[in-house]
Amino acid sequence: MSDYSIILTDQEIRSLIMKNILEGDMDSELINNMITMESKMVFSSPAAVLPAIGKEQELVSKLSKAFTKSVQFTWPIISLVTALIVGSFIAVKYYKHENAEQAVATATAPIAFNEEKPKSVTEEQLQREIKLESTLVIATHKQQIPTNALITKETESQIVNAPNTSNNEVKTNIPIEAESSLDEKQSNVHGLVESEGQFTIDTLFEGINKLEIESKYCKINIQPNSNNQLVLKGEMNFTTKGIIINQPKYKITLERVKSVLKVIIYSEEKSAYVLGGYSNVSGFLNFSVPPLLALQINNCSSDINISGVDGEATINNTYGNVSLTNMRSNINATNRSANLTLSNITGDIVSKCDFGNQQYSDIKGNIMSKGSSGQLSFINTIGNLDVKTSFSNAKVIGLKGNLRIKSASGNITASNIIGDTIDLSATFGKVEITNSSAHFNVKSSSGNINLSDLKGNVKLTSSFGQQKIYNIEGNIVSKNKSGSIDLSNIKGDLNLSNSFGNIKASDCNGRMQLNVSSGSIIGKGITVVEQLIANNTFGNIKMELLNEPSELSYNLSSTFGNIKVQKRNIHTNTSEGSFSEKGGKVNIIANTSSGSQLFE
Amino acid sequence: MIDKNNTKYNLKNLSKDEFVTVLYNTYGKKLYAYAINTWHVGEDESWDLIYKTIYKVMDSYKNYVFDGEDKFASFIFKIFINYLRNHYRDNQKNIEVLPDTDLLNSNYGNKEAQETEAIPESQKLIILNEELDKMEDWHRMLLLMRSAGKSYAEIAKYIDKPEEQLKVYYQRFKEKLSKKLYERL
């Protein structure tokens with residue numbers, strides 16, 4: 001294999017192609033070719049990820065409805081008749097794997113392209129297919145079914161349903177005599193309750209140490225109480241208007257195993273098809289719980305709000321905001337596609353939010369956070385903070401602890417940090433740190449780095465960005481490849497190198513080593529301690545030194561360029577010139593290949 | 001691309017209900033997986049893209065007659081890509097980097113990779129595009145499909161070359177491309 005492969009990997013080719021697809025000129029033949037190839041690849045393989053079946057059916061329903069609706073708007077009567085006729089042939093039925101080939105044939109027959117079945121369809125190994133079905137249910141108006149599973153302390157050894165006030169079936173299995181255990185003996189309420197259809201619930205448990213929730217479409221609120229009881233009040237409504245096919249049935253199950261209560265809301269997989277109207281699912285679960293209750297929640301499509309609970313919490317949400325406040329516990333929180341907010345937490349936090357903002361305020365504990373896309377902000381944190389993000393901007397204000405942030409394409413802003421180490425890395429983002437104290441390690445490939453008002457040693461690495469560094473008490477080591485390095489008011493040693501860009505330093509005090517391949521080295525108000533070494537291959541060196549002339553010793557050389565030392569009244573004007581003078585203890589050493597030197 | 005006089009692949013006779021079902025089963029679910037796995041678009045956003053894509057196809061397909069399934073698939077895919085672009089434009093205006101976070105994350109913690117970062121992606125992209133543009137179609141297809149992780153057996157379905165030779169061709173083309181990049185960078 002040639003060494004050339006070092007600079008081009010499969011991943012690079014792939015990612016450059018993706019960039020082309022996303023940003024390339026669609027009129028370009030090359031981009032069009034790439035898109036065509038990409039489409040072949042995408043459509044030639046089975047789908048690796050599938051959504052919930054209910055969502056698939058909902059999509060088909062919505063699209064059918066969308067096109068039916070416009071007709072309906074113009075001719076409502078015709079539309080209604082059409083909808084009924086079409087509806088009689090449409091419904092949804094889950095595809096079973098063993099019938100895959102038949103289902104594919106059924107589904108693809110109408111498209112047929114007047115010739116033969118599409119190649120990609122006949123070849124793919126589908127796990128399931130949506131099929132046309134012929135069931136029809138008509139809902140006349142709003143469906144709100146206040147069914148009930150009422151469990152109270154008074155029921156003691158068994159759980160009893162409240163009277164059924166609707167036509168909907170409520171199925172309750174009580175009590176299940178599970179394995180005998182100490183916990184059961186201690187608790188008077190145990191068993192399993194299952195309520196089917198849309199529901200309201202009002203129930204109470206004692207002796208619960210852990211609450212597990214599997215829920216969807218229900219907003220979850222959890223607050224503490226002082227009486228060590230777990231009280232649950234909830235409601236779920238399903239409203240429709242129009243013609244409904246496959247009316248969904250949501251169920252709630254309460255299952256107690258020893259001191260763990262599981263609350264599960266689920267629906268049969270079939271989703272409603274609504275013709276000529278709409279449907280809406282909403283609900284809530286309000287918990288009043290013992291303050292030390294442990295929580296494990298998996299929720300989907302609704303918000304979670306928890307406050308004042310001090311047990312360990314594991315929270316997973318898919319499409320809804322998560323808010324956790326006033327908690328003293330370790331927290332593991334994941335949110336897929338909405339905001340994640342934590343405030344006033346004492347405990348370690350492990351969190352992940354793919355597509356939503358993350359806000360953390362007044363946290364006492366270590367935080368490990370991952371984010372893909374969304375803004376991240378951390379305000380007033382005591383503890384170590386470790387953040388990894390792809391496209392998010394990260395902002396940290398007020399931190400006592402170590403800070404580590406890795407960002408692929410987001411900006412990083414940090415201020416008022418006191419810690420041992422601050423380690424920030426941004427591939428394509430800007431990095432700003434102000435008013436902080438630590439050892440700093442900052443890397444950026446293609447973003448600017450701005451540092452100001454810092455105490456501590458600083459190490460900077462960047463490839464294609466500017467570095468601006470102001471008011472630093474500490475040594476600075478900086479490497480840049482293509483971009484300027486500007487420094488001002490630095491008390492500390494400088495070790496700077498730049499390949500293609502200038503180094504400009506003003507009001508600096510310390511030992512200095514400055515290396516530039518192609519650019520200028522310009523110093524103003526420079527007080528050199530012990531030694532200044534400046535090397536420039538293709539560019540000038542200009543230094544305004546504040547040291548007393550008597551304390552300076554010079555060793556200057558240039559292959560093609562002038563050398564001028566004003567305080568010595570030295571001016572060489574020849575190629576391959578040099579100037580050397582032994583004076584004081586401060587050495588000034590400079591070399592240029594093709595550039596002039598001026599020391600004032 | 002679309003020959004309106006060619007009625008060989010006329011899609012106008014499908015009912016919408018049938019058509020949307022077929023569209024989803026044949027293309028929609030694959031695009032959904034593609035949006036999530038390749039572009040790391042969220043589930044909700046991916047779903048929205050699929051909805052818009054199928055809606056647009058349903059809304060406009062009767063205006064065209066397609067030469068074959070390939071053309072129809074390409075038509076759908078381009079609609080999807082347009083929506084995907086809009087999604088990035090609207091939601092990530094400052095995007096400067098590839099959306100493949102796995103690739104980016106693969107360097108996470110790899111000090112060597114970070115420290116040797118030297119050539120800007122944009123520069124590589126320009127050169128790569130120019131060099132790809134000079135290639136024959138099947139060369140380009142081999143490079144692109146292989147870099148996307150497709151097996152040689154799969155690639156052989158699209159390229160009229162023996163599967164066992166593709167590996168050799170691939171290494172050769174990649175080396176050639178690398179050499180071009182090396183020379184120009």
Side-chain angles (χ1 to χ4, degrees), chain A residues 2 4-5 7-8 10-11 13-19 21-22 30 34-37 39-43 47-51 55 59-60 63-64 66-67 86 90 107-108 110-111 113-114 118-119 121 129-130 132 319 337 354-355 372 390-391 406 408-409 427-428 443 445-446 463-464 481, chain B residues 8-10 14 16-18 20-22 24-27 29-30 32-34 36-37 40 42 44 51 54-55 58 69 73-74 77-78 81 85 88 92 96-101 103-104 108 114 117-118 120 124-125 128-129 132-133 141 143-145 147-148 150 158 175 177-179 181-182:
Chain A
S2 160
Y4 302 133
S5 61
I7 63 166
L8 187 66
D10 286 355
Q11 280 187 326
I13 295 175
R14 176 65 185 154
S15 55
L16 290 170
I17 288 158
M18 289 171 72
K19 197 172 175 70
I21 289 173
L22 196 65
L30 176 67
M34 285 185 181
I35 289 174
T36 302
M37 288 172 192
S39 79
K40 284 178 181 170
M41 284 193 281
V42 171
F43 292 137
V49 177
L50 290 173
K55 293 190 77 173
L59 177 92
V60 174
L63 283 164
S64 297
F67 282 90
V86 171
I90 299 176
T108 55
I111 197 166
F113 300 104
N114 286 350
K119 196 175 175 184
V121 177
E129 293 283 341
I130 292 182
L132 302 178
Y319 302 109
S337 187
D354 288 337
F355 300 99
S372 292
S390 300
F391 298 105
K406 296 263 185 185
S409 182
T427 309
F428 296 95
K443 292 179 181 177
S445 291
S446 293
S463 297
F464 301 98
K481 288 179 180 169
Chain B
K8 200 194 299 184
Y9 294 98
N10 192 335
L14 298 175
K16 286 194 168 59
D17 300 311
E18 292 166 336
V20 67
T21 305
V22 173
Y24 175 72
N25 283 333
T26 311
Y27 305 104
K29 61 171 63 171
K30 290 175 181 177
Y32 175 78
Y34 176 64
I36 288 178
N37 286 342
H40 302 281
D44 272 353
Y51 180 91
I54 297 179
Y55 186 98
M58 291 177 69
E69 195 219 342
S74 182
F77 192 74
K78 280 178 185 170
I81 289 295
R85 285 170 165 235
Y88 270 95
Q92 300 181 10
E96 293 180 64
V97 69
L98 315 179
D100 191 343
T101 50
L103 173 64
L104 295 167
Y108 184 69
Q114 289 166 354
E117 177 70 43
K124 270 190 178 177
L125 187 65
L128 184 69
N129 277 346
L132 284 172
D133 208 17
M141 187 167 233
L143 269 173
L144 303 193
M145 293 187 78
S147 68
K150 298 291 174 187
Y158 298 93
E175 192 173 328
L177 193 58
S178 295
K179 188 178 175 185
L181 282 172
Y182 181 81

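Note that the structure is a prediction, hence the values are computed from the model and not measured. Atoms considered below: every heavy atom in the structure, side chains included; atoms not considered: hydrogens, waters and symmetry mates. Below, chains carry the letters A, B, ... as their sequence lines are ordered, and counting in each starts from 1.
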Side-chain donor or acceptor of K30(B) paired with backbone N/O of F43(A) under 3.5 Å: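 Looks like yes, one N/O pair under 3.5 Å.
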Closest non-hydrogen atom pair, S39(A) against S74(B):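 Smallest heavy-atom distance, with atoms named: OG-CA, 4.1 Å.
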CG on D354(A) to CD1 on I36(B), rounded to 0.5 Å: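 It is 10.5 Å, given to the nearest 0.5 Å.
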